[in-house]
Amino acid sequence: MCLSIPSKVVEIHSDETVTVDTLGVKRRVSCHLISDPLAIGDFVLIHIGFVMNKIDHKDAQESLDLYRQIVTAMQLESEQ
């Protein structure tokens with residue numbers, strides 16, 4: 001099973017790659033598999049280093065909020 005965390009486009013490069021921010025971690029990924037144009041601020045889903053699709057900002061924020069809640073709950077559980 002693979003979970004794809006919404007990633008925000010923070011930089012666009014001339015070689016069909018973008019830099020994304022995934023919960024504070026920045027990395028460069030390929031746009032070779034997506035035909036939609038991307039802009040800084042767009043949210044995307046990534047699989048093995050490739051942007052697979054662009055997602056709605058509202059959906060991305062809801063998913064990110066849930067991931068943050070899960071991380072917080074796991075941290076609290078490990079402290080017990």
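What you see is a predicted model; the values in this text were computed from it and never measured.
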Check: Going through the distances and angles, do Val29 and Val18 end up as a side-chain contact (heavy atoms from CB on, under 4.5 Å)?
Finding: CA-CA 6 Å; Val29 296; Val18 293; 3.8 Å; yes
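- Under a 4.5 Å side-chain heavy-atom criterion applied to ILVMFWY residues, the cluster that includes Ile48 comprises Leu33, Phe50, Met52 as well.
- The closest side-chain heavy-atom distance from Val44 to Ile55 is not below 4.5 Å.
- Under the salt bridge (charged side-chain N to carboxylate O under 4.0 Å, His left out) criterion, Lys54 pairs with Asp42, sequence neighbours left out.
- Minimum interatomic distance between Asn53 and Ile34 (heavy atoms only, all atoms of both residues): CA-CD1, 3.8 Å.
- Ile70 shares a hydrophobic cluster with Met74; the chain of contacts runs through ILVMFWY side chains whose heavy atoms sit under 4.5 Å apart.
- Interatomic distance, Ser63 OG to Asp56 CG, rounded to the nearest 0.5 Å: 10.0 Å.
- Between Ala39 and Ile12, the closest heavy-atom pair is CA-CD1, 3.7 Å.
- Once rounded to the nearest 0.5 Å, the distance linking CG of Leu38 with SG of Cys31 reads 5.0 Å.
- Here the shortest heavy-atom pairing between Thr22 and Pro6 reads CG2-O, 4.3 Å.
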Checklist line | Chi angles and distances behind the side-chain contact (heavy atoms from CB on, under 4.5 Å) call for Val10, Ile40 | finding: CA-CA 5 Å; Val10 294; Ile40 292 176; 5.5 Å; no
Next item on the list: Dump the intermediate steps for side-chain contact (heavy atoms from CB on, under 4.5 Å) on Leu64 and Arg68, then the final yes or no.
Entry: CA-CA 6 Å; Leu64 289 169; Arg68 288 184 185 104; 3.5 Å; yes
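- Heavy atoms only, all atoms of each residue included: Ser4 and Tyr67 are closest at O-OH, 3.5 Å.
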Next item on the list: Check the pair Leu23 / Ile5 against side-chain contact (heavy atoms from CB on, under 4.5 Å), numbers first and verdict last.
Entry: CA-CA 8 Å; Leu23 295 176; Ile5 301 171; 4.0 Å; yes
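- Under the side-chain contact (heavy atoms from CB on, under 4.5 Å) test applied with Thr17, the options Arg27, Arg28, Glu11 reduce to a single match, Arg28.
- The closest side-chain heavy-atom distance from Lys8 to Val20 is not below 4.5 Å.
- The CD atom of Gln61 sits 10.5 Å away from atom CG of Asp59, with the distance rounded to the nearest 0.5 Å.
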